[in-house]
Amino acid sequence: MTAHADLVGDVFGAHRVLEPLGSLPQAAKRVDNDFARLYESELLIDVETLNVDAASFRQMEEATPGEGTAGVVRLVRETVASRGKQHNPVTGSGGMLLGRVARLGSARKGDTAKVGDRIATLVSLSLTPLRLDSVGAVRPASAQLDVRGQAVLFATGLYAVLPNDMPERLALAALDVAGAAPQVERICQPGDAVLVLGAGGKSGVICAVEARRKVGPTGVIIGVESYAPYADDLRALGVCDAVIGGDARDPLAVRTAVLAATGGREVDRAISCVNVEGAELSAILCTRDRGTIYFFSMTTSFTRAALGAEGVGKDVDMLVGNGYAQGHADYTLALLRREPAVRALFEKRYG
Ligand code: NAP
């Protein structure tokens, strides 16, 4: 490894972009993952686990029928080899990673981590230069892969030092969806009726729990979840007024079931947390005029959402689920500490 004191690098990581030149790392087709040369604004990580984005993991499983987890490993290796980052070319999404700080460049300021600390990255793998040396165990339930390799964060790349009061895999899983809870807190109001699509999954459970806390006892929370065991888990948490075991890609059926559960009231807020394409219309059809839809799902299509809402004459505000909200990591870890039943469920699934 050679560190060039004269090479500081761009705060946004433009210095690592190989193709097309002039773009930023997330939009880039290919980034430089040769860490023999390091820049002084970079943080080098010895990578231990990749937490692949749920939509990306599912797409890779479906693209490699009959191959099991080997198919996902093959595609991850191919993607990293060709792009220098785990940027799924089909879904466009990434994930995040867990590893140990190997080096902090001399031009960095304000780091909370020291060399040797274990950290989770809070920026997408779709923009994080990554070299993979080997891949070990794969855990489909959490979309995590144990790996050996290295990655760098740029000066603007967020990360969290892992807490020492919970298992690392649990923290990693929760931090993957850290943007969700604080944004649900912002958009929900006391007394609201809230619909969560994909409500039994990782971000869905967090959104349902956070929405329940914010809307209070006069509010209504409805979850839609197609995977029966996860729907049962959600029912057991007791945060929803109704959990509908349905397909969020079937808007008319979802609207009928939701209105039946709310006594005919359209919801004030809908949150999409599915890992499949095609749930936009269910959220739109169930939301009242001037209500809010928060599309956290990476499968969301701007075209389907915009033209779909227009097509059914719904005047709704639609928000893109920014992965980042100020203080999101601490907020989400605090939610796990405050909600022992959620923590126990997540430990069972992901810990
Ligand atoms: P997850 O744990 O896999 O949860 C998704 C849930 O939706 C699963 O329980 C899934 O069931 C369920 N589901 C799948 N198809 C459905 C359908 N047709 N109808 C109803 N439910 C359905 O995923 P996650 O980690 O929470 O992520 C959820 C979404 O958020 C993904 O699209 C992911 O890419 C995105 N995400 C966004 C950000 C951001 O910053 N905005 C960050 C992280 C993740 P199965 O178990 O059967 O699949």
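Atoms within each ligand, like the ligands themselves, are counted from 1 in listed order.
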Any idea which of Cys207, Ser272, Gly246, Ser226 brings a heavy atom closest to atom 22 (C) of ligand 1? Ser226
Test item: Arg213 and Val209 side chains (from C-beta on) under 4.5 Å apart, heavy atoms: no
Among Val147, Val135, Leu132, whose side chain to side chain contact (heavy atoms under 4.5 Å, CB included) with Val80 holds? Leu132
Tell me, which protein residue and heavy-atom name are nearest atom 43 (C) of ligand 1, and how many Å apart are they? Asp176 O, 3.4 Å
When you compare ligand 1 with Ala248, is there at least one nitrogen or oxygen pair between them that comes in under 3.5 angstrom? yes
Identify the protein heavy atom lying closest to atom 40 (O) of ligand 1, giving its residue, its atom name and the separation to 0.1 Å. Gly323 CA, 3.0 Å
Classify the ring geometry between Tyr324 and His328 as parallel (under 30°), tilted (30 to 60°) or perpendicular (over 60°). perpendicular
Do Leu43 and Val101 touch side chain to side chain, with heavy atoms closer than 4.5 Å? yes
Using a 4.0 Å heavy-atom threshold (strictly under), name the region of Ala55 that reaches ligand 1: side chain, backbone, both or neither. both
Taking the side chain as everything from C-beta on, heavy atoms only, tell me whether Asp146 gets closer than 4.5 Å to Arg139. yes
Around atom 47 (O) of ligand 1, find the nearest protein heavy atom and jot down its residue, atom name and distance. Tyr227 CB, 3.4 Å
Of all protein heavy atoms, the one nearest atom 7 (O) of ligand 1 is Gly198 CA, 3.4 Å
Given Asp53, Leu145, Leu75, Leu130, the one that forms side chain to side chain contact (heavy atoms under 4.5 Å, CB included) with Gln86: Leu130
Atom 14 (C) of ligand 1 [closest protein heavy-atom partner, distance rounded to 0.1 Å]: Asn275 OD1, 3.0 Å
Is there side-chain contact between Ser142 and Arg169, with at least one heavy-atom pair below 4.5 Å? no
Give the single entry among Ser203, Gly278, Gly223 that approaches atom 27 (O) of ligand 1 most closely by any heavy atom. Ser203
Of the listed options (Gly92, Ser56, Gly201), which comes nearest to atom 4 (O) of ligand 1 when hydrogens are ignored and any heavy atom counts? Gly201
Do Thr332 side-chain atoms and Ala174 backbone N/O form a donor-acceptor pair below 3.5 Å? no
Quick look: Asp53 vs ligand 1, heavy-atom contacts under 4.0 Å, and the answer is side chain
CZ of Arg148: more than 12 outside heavy atoms within 6.0 angstrom? no
For atom 1 (P) of ligand 1, state which one of Lys202, Met298, Arg249, Met96 supplies the nearest heavy atom. Lys202
Below 3.5 angstrom, do we get any N/O pair linking Phe296 and ligand 1? yes
At the 4.0 Å heavy-atom cut-off, does Cys273 count as touching ligand 1? yes
Show which atoms of ligand 1 fall inside a sub-4.0 Å distance from at least one heavy-atom site of Ser297. 29 (C), 30 (O), 32 (O), 35 (C)
Quick one: look at Tyr230 and ligand 1, take heavy-atom pairs under 4.0 Å, and tell me if it's side chain, backbone, both or neither. side chain
Option nearest atom 18 (N) of ligand 1 (shortest heavy-atom distance, choices Asp247, Val224, Asp233, Thr300): Asp247
Answer whether the closest heavy-atom distance between the side chains of Arg269 and Lys214 falls below 4.5 Å. no
Please work out whether any backbone atom (N, CA, C, O) or any side-chain heavy atom from C-beta onward of Val276 is under 4.0 Å from ligand 1, and answer side chain, backbone, both or neither. side chain
Short N or O distance, Glu225 and ligand 1, threshold 3.5 Å exclusive: yes
What is the nearest protein non-hydrogen atom to atom 23 (O) of ligand 1, stated with its residue, atom name and distance? Ala54 CB, 3.1 Å
Are any of the N/O atoms in Gly200 less than 3.5 Å from those in ligand 1? no
Among all the protein's non-hydrogen atoms, which is closest to atom 41 (N) of ligand 1, and how far away is it? Gly321 O, 2.8 Å
Between the side chains of Tyr39 and Asp10, does any donor sit under 3.5 Å from an acceptor? no
Return the residue, atom name and 0.1 Å-rounded distance of the protein heavy atom closest to atom 48 (O) of ligand 1. Arg58 NH1, 2.8 Å
Looking only at distances, please establish whether an N/O atom of ligand 1 is found under 3.5 Å from an N/O atom of Val274. yes
Is it the case that the side chains of Asn88 and Gln59 hold a donor-acceptor pair, with the cut-off being a distance below 3.5 Å and no angle test? yes
Please examine the side chains of Gln144 and Asn51, heavy atoms only from C-beta on, and report whether any two atoms are closer than 4.5 Å. yes
With only distance considered, is Asn322 within less than 3.5 Å of ligand 1 through an N or O on each side? no
I'd like to know if the side chain of Thr156 and the backbone of Val11 have a donor-acceptor N/O pair within less than 3.5 Å. yes
Candidate list Ser126, Ser297, Ser124, Ser56, test side chain to side chain contact (heavy atoms under 4.5 Å, CB included), partner Ser93, passing option: Ser56
